[in-house]
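Since the structure comes first, as structure tokens, the remarks are kept for the end.
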Amino acid sequence: MKRILVTGGAGFLGSHLCEKLLREGHEVLCVDNFYTGRRSNILNFIKNPLFEVLRHDICFPLYVEVDEIYNLACPASPIHYQFDPVQTTKTSVHGSINVLGLAKRVKAKILQASTSEVYGDPEIHPQPESYWGNVNPVGFRSCYDEGKRCAETLFFDYHRQHKLRIKVARIFNTYGPRMHPDDGRVVSNFIVQALKGKPITVYGDGSQTRSFCYMDDMIDGFVKLMGTPDNFTGPVNLGNPDEFSILELASKIIELTGSKSKIIYKPLPQDDPTQRKPDIKLAGKALKWRPKVKLEDGLKETINYFRKLKADP
Ligand code: NAD
Ligand code: UDP
């Protein structure tokens, strides 16, 4: 049994990770400032005696004793991370310095939830880990993209300078139950719109692509990455390489919900990447991991979740 800290543990991915670690018999400390996280995400296991939750902003130092740290704290949807961009950068930069300092003091192994956004609007397709990216440093997405890039730098410098055991996961678009219904991400937006019979808002002409990974696969990837030998640091891409245009996703969701919603077109947000698809050869080799859940199956689970939420908010 290990003592494991999950920052951002009340969020979408963090809460599923806490649940999996508890199922494996570990003690889990969830640290969250509840900026986008919700109490309802952790209700299933809040009474588990191995689970503890602490309301805390990782921009401030934290003194706890743990064996492993998963650093997931950071708003992930453009609406939320752009609402208070300075806080977003602080969460990635000051937050990482604090959790890395903690890992150094207690000699914990630490995993960073990085992102495919470090590749920006990529000129190479699919994106391998060796690609350095094409990122606007002064745009609306920069607080998130550059914050996460700086966090990666900090992780690697703590590794080189202080011999910290680090793991860096570059997460591609992930979806599933417990996504925030108002967070503006494409899967939750389209499902909520379809279930309410409202127009499906496609930004731009809908030809931009994304590769969608179901949360179960992603959480499995996190735990496998944490379990790799100490000489494996990443960065490693985690995501589903099946690529879809946003228009294809909209049609699939209309079909699966049986909705009568019509598609409407809205302006494409600034710096919206035109394509994104992970090269997951490294994850296959180092983690023996590849996603198993097909988009259609994952969407059905997610639609069921949002249906229940609509009936019993
Ligand atoms: P989320 O918004 O549901 O979860 C983030 C959690 O972090 C929330 O519970 C929030 O309250 C908490 N948080 C934010 N700032 C904090 C702070 N300063 N101190 C403490 N807690 C704080 O998002 P998610 O989709 O679960 O993403 C989790 C992590 O994975 C994030 O770091 C995100 O950047 C990364 N990621 C997610 C995706 C995705 O598609 N879901 C893709 C790439 C990267
Ligand atoms: N998108 C859209 N309609 C929406 C929400 C998003 O067409 O209601 C598009 C968005 O412009 C982007 C893609 O869907 O091209 C994925 O957006 P999301 O915010 O989910 O993730 P990210 O852009 O960070 O990959």
Side-chain angles (χ1 to χ4, degrees), residues 6-18 30-39 41-42 53-60 62 70-82 84 87-96 98-99 111-118 121 141 144-145 147-148 151 169-176 178-180 183-193 198-213 215 218-219 222 237-239 244-247 249-250 263-276:
V6 179
T7 74
F12 158 50
L13 290 176
S15 62
H16 288 293
L17 176 62
C18 289
C30 158
V31 165
D32 203 297
N33 68 351
F34 289 91
Y35 176 57
T36 51
R38 289 171 300 160
R39 218 174 276 273
N41 287 344
I42 53 176
V53 56
L54 178 66
R55 181 184 286 266
H56 175 84
D57 182 331
I58 61 158
C59 296
F60 299 93
L62 174 67
Y70 289 84
N71 187 36
L72 271 64
C74 186
S77 92
I79 290 185
H80 286 140
Y81 71 64
Q82 288 169 17
D84 188 348
Q87 169 69 11
T88 300
T89 305
K90 277 189 188 170
T91 294
S92 281
V93 178
H94 293 195
S96 292
N98 288 329
V99 290
L111 180 148
Q112 165 67 354
S114 189
T115 169
S116 54
E117 290 284 324
V118 300
D121 192 1
R141 295 175 86 103
Y144 184 72
D145 302 8
K148 290 282 188 180
R170 288 185 179 155
I171 305 165
F172 284 65
N173 298 59
T174 305
Y175 69 98
R178 297 191 194 147
M179 289 184 90
H180 199 298
D183 83 358
R185 278 186 273 188
V186 68
V187 173
S188 45
N189 255 17
F190 285 1
I191 294 179
V192 170
Q193 289 165 344
K198 291 195 170 158
I200 308 280
T201 53
V202 167
Y203 302 159
D205 63 5
S207 63
Q208 71 273 32
T209 67
R210 294 291 187 275
S211 307
F212 300 100
C213 185
M215 59 83 187
M218 186 55 65
I219 303 300
F222 288 172
N237 289 338
L238 294 180
F244 296 87
S245 74
I246 294 306
L247 210 49
L249 178 75
I263 291 173
I264 58 165
Y265 294 89
K266 296 225 165 170
L268 192 66
Q270 194 202 31
D271 294 335
D272 197 282
T274 47
Q275 51 183 6
R276 203 185 276 146

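All values below were derived from every heavy atom in this structure, side-chain atoms included, with hydrogens, water molecules and symmetry-related copies excluded. Bear in mind that the values here come from a model prediction, so they are computed numbers and not experimental data. Every number for a ligand or one of its atoms is a count from 1 in the order of the listing.
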Closest candidate by heavy atom, reference [atom], pool [options]:
atom	options	result
atom 29 (C) of ligand 1	V6, L72, I58	L72
atom 23 (O) of ligand 2	R276, E117, R141	R141
atom 16 (C) of ligand 1	I42, N33, L238	N33
atom 5 (C) of ligand 1	C74, G11, P75	C74

Within-cut-off N or O pair, N173 and ligand 1, under 3.5 Å: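 No.
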
Backbone or side chain, does any N or O of T115 fall under 3.5 Å from an N or O of ligand 1?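 In fact, backbone or side chain, T115 has no N or O that close.
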
Atom indices of ligand 1, in the order listed, that fall short of 4.0 Å to a heavy atom of [X]:
X	answer
Y35	11 (O)
F34	11 (O)
Q87	18 (N)
S114	44 (C)
G8	6 (C), 7 (O), 9 (O), 12 (C)
G37	8 (C), 9 (O), 10 (C), 11 (O)

Can you name the one residue among I171, V93, V118 that meets side-chain contact (heavy atoms from CB on, under 4.5 Å) with K148? V118

So, regarding [X] and ligand 2 (criterion: nitrogen or oxygen to nitrogen or oxygen, under 3.5 Å), is there a contact or not?
X	answer
Q208	yes
V186	yes
R185	no

Given that the side chain starts at C-beta and the backbone is N, CA, C, O, which of these parts of M179 lies under 4.0 Å from ligand 1, counting heavy atoms, or is it both or neither? neither

Which part of Y144 is near ligand 1, with near meaning a heavy atom under 4.0 Å away: side chain, backbone, both or neither? side chain

Under 4.0 Å, counting heavy atoms only: does [X] come that close to any atom of ligand 1?
X	value
T7	no
G95	no
H56	yes
H80	no
R185	yes

Distance from [atom] to nearest protein heavy atom, with residue and atom:
atom	result
atom 11 (O) of ligand 2	D272 OD2, 2.7 Å
atom 1 (N) of ligand 2	Y203 CD1, 3.4 Å
atom 43 (C) of ligand 1	I171 O, 3.2 Å

Contacting atoms of ligand 2, where contact means under 4.0 angstrom from a heavy atom of I246: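 Heavy-atom distances to I246 below 4.0 Å select 7 (O), 13 (C), 14 (O).
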
Non-hydrogen atoms of [X] versus ligand 2: any pair closer than 4.0 Å?
X	answer
K266	no
A250	no
P78	yes

Testing the basics here: between A73 and I58, what is the closest heavy-atom pair and its distance to 0.1 Å?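 The pair with the smallest heavy-atom distance is CB-CD1, 3.7 Å.
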
Looking at D32 and R38, does any basic side-chain N land under 4.0 Å from a carboxylate oxygen?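 The answer is no: the pair does not qualify as a salt bridge.
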
Looking only at the side chains, is there a donor atom on one of T274 and D121 sitting less than 3.5 Å from an acceptor on the other?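 D121 and T274 do have a side-chain donor-acceptor pair below 3.5 Å.
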
What is the ring orientation for Y81 with Y144, classed by angle as parallel under 30°, tilted 30 to 60°, or perpendicular over 60°? parallel

